[in-house]
*Asks:* 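Before we start, here is the structure in question, set down as structure tokens.
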Amino acid sequence: MTGPLLRLSGVQTHIGRYHILHGVDLEVPEGRTTVLLGRNGAGKTTTLRTIMGLWRASAGALQFGGRDITRMETPDIARLGIAYVPETMGVFTQLTVRENFLLATAGGRFDQRRLQGVFGLFPILEQKFDQTAGGLSGGQKQMLAVARAMLEPCRLMIVDEPTKGLAPSIITTLIEAFRLLADAGTTILLVEQNFHLARSVGDGVAAMDDGRVVHAGRMADLAADEALQARLLGLSLAAHQ
Amino acid sequence: MKPLSGDRPGHPAATALILLLLAALVALPFVLPGARAMGTGGRIAIFVVLAASYDILLGYTGIVSFAHTVFFAIGAYAVAIPLARGWGGWESILLGTLAGAVCAATLSAAIALLSLRVRAIFFSMVTLAAASLAQLLASQMRDVTGGEDGITFALPPALTPAFRLLAEPLFGTRVDGRMLTYYLILAVALILFLAMLRIVNSPFGRVLQAIRENAFRAEALGYRVVTYRALASGLAGGFAALAGSLFALQLRYVGPDSVLSFDIMVDILLMVVIGGMGTLFGPALGAALIVMCHTYLQLALQSMPQTVRDLPLIGPLVGPLLAPDRWLLWLGVLFVAIVYAFPAGIVGTLRQRRRA
């Protein structure tokens, strides 16, 4: 049996004088969608940023594809095939949709098949292709951020709360996008507070609290166990649908 | 890759102003053949390049540097020193220009690599220190730079006023070495400006703009921010040096005050801010405006009719303010008015209005 694509072992992160992650252990299996759950302030976003090297781990180890990435610079980590969609949508608002896309392509050229696939999923982006991203609505910006990560093949897609503050119709579109990516064999690590989306796309789940992973298992098991939900998250999934 | 970027000023008014500026600079020697007008025109062309090169740093990459005059000076001294020592004519100009550009680009990139990892404010302080050090070196190294007195030198005969290209005047104007120098400066400045336009509209320029907006996001896409910033600094330094070489040709003199003074750095900043950061066309307009103000505002105040000063009530109040030596005050008023009317600079604001 091969090991996980991404493995975090005892990762600790300090931001300034604040100790945010207190020893995160997390495994993300290849070809699966793993959802990271937890209340606000549990350390989910910091975990993702630490994986990307945007915050440096002060202790512990991170491995990607069997390779130690703990001390790697962010661009090198990204070039290993990790696409990151940050919480704040991560689009460049002063550039056009086309330019945002071009930044994510290798060699500044589009793979037409992938581009058409993205347009099929998010037709509005084709209509606004030459408009500045700053003029897009919040949902459209999120689509752009996710679409940009889909333009090139990646080994792991890390997405931080993609549905935060979005309308249900856009959430449905994003669910479809994540399903398509999962069907294509893309490994996804998703931070999500929306349990409907989390349960729809997640194969595995890890719950965080106070800078640690306090539970890891199958999403199906968590969805079926209301007592576990209540213990881990304080609320049942049913209440969030 | 296309040689021209295809980038446009982005608003009909901005396009009209740019075309007007270009047409005025091209026609200038035939319309106003005097030395003062040609000197102003040449200075505008040179400062268009200098301000545009600074825009690559400030407007496209978000780097605030106070050392841009250092690279301008390197280019100027690189041409002046060999010419002053009589080391050939055109060869000295060409080799000096190239050597100056390479040295300035390397130094600029090196300063950026060494100091861009720190916070923006500390980087700015490092560049301020570099500018002060360069001023000190230029003043102290008398044997090389001529110290405070600077260097005066002769140009090749074809670029001197005594040279006649055509025996007969063209459109009533003598085609002499001064006019040749002017058109040489104008042509090179135009080529350099188009080259910068090409660069900022290339994939490289797109990454710079992404870095300016959010360096973390750009890094997360796999771009090495420090490398890109250092390259942008190197390019900006190289172009500034080329502008410096042109400046030396125009003045036939290089000294610390003419190329390294902090006033020049302030002017460059104003040109970029007033014209519109991150537009390249904006700094071109800003350069024209500020050079014109420097040259003609004092004259305009001098020629203000006496009747304005003699007006009852407001005459005694306004009169002292209209004295020619108050031109800096009016320059300040003009800047405030422009910034108020065009908060994102002239071209920047016009582009925003067009998009809205």
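Residue numbers begin at 1 in each chain, while the letters A, B, ... track the order of the sequences. Heavy-atom basis, side chains included; hydrogens, waters and symmetry copies ignored.
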*Asks:* Say you draw a straight line from CE of A:M52 to CZ of B:F216; how long is it, rounded to the nearest 0.5 Å?
*Replies:* 12.0 Å
*Asks:* Roughly how far apart are B:Q209 CD and A:Q94 CD, rounded to 0.5 Å?
*Replies:* 8.0 Å
*Asks:* Please give me the minimum heavy-atom distance between A:A78 and B:A220, naming the atom from each residue.
*Replies:* CB-O, 3.3 Å
*Asks:* CG/B:L221 to CZ/A:F92 distance, rounded to the nearest 0.5 angstrom?
*Replies:* 5.0 Å
*Asks:* Is a side-chain N or O of B:E219 found less than 3.5 angstrom from the main chain of A:L54, in a donor-acceptor match?
*Replies:* no
*Asks:* Can you tell which of A:I158, A:L80, A:I82, A:L95 has the highest number of heavy-atom pairs within less than 4.5 Å of chain B?
*Replies:* A:L95
*Asks:* So which of A:L103, A:N100, A:T96 actually passes side chain to side chain contact (heavy atoms under 4.5 Å, CB included) with B:R206?
*Replies:* A:L103
*Asks:* Taking A:Y84 for the side chain and B:R217 for the main chain, is one N or O donor matched with an acceptor at less than 3.5 Å?
*Replies:* no
*Asks:* Can you tell me how far the CZ atom of B:R351 sits from the OG1 atom of A:T132, to the nearest 0.5 Å?
*Replies:* 12.0 Å
*Asks:* Distance from A:D76 atom CG to B:R224 atom CZ, nearest 0.5 Å?
*Replies:* 4.0 Å
*Asks:* Quick check: are there more than 12 heavy atoms from other residues, nucleotides or ligands sitting under 6.0 Å from CZ of B:R212?
*Replies:* yes
*Asks:* Are more than 12 heavy atoms from other residues, nucleotides or ligands located less than 6.0 Å from atom CE of B:M125?
*Replies:* yes
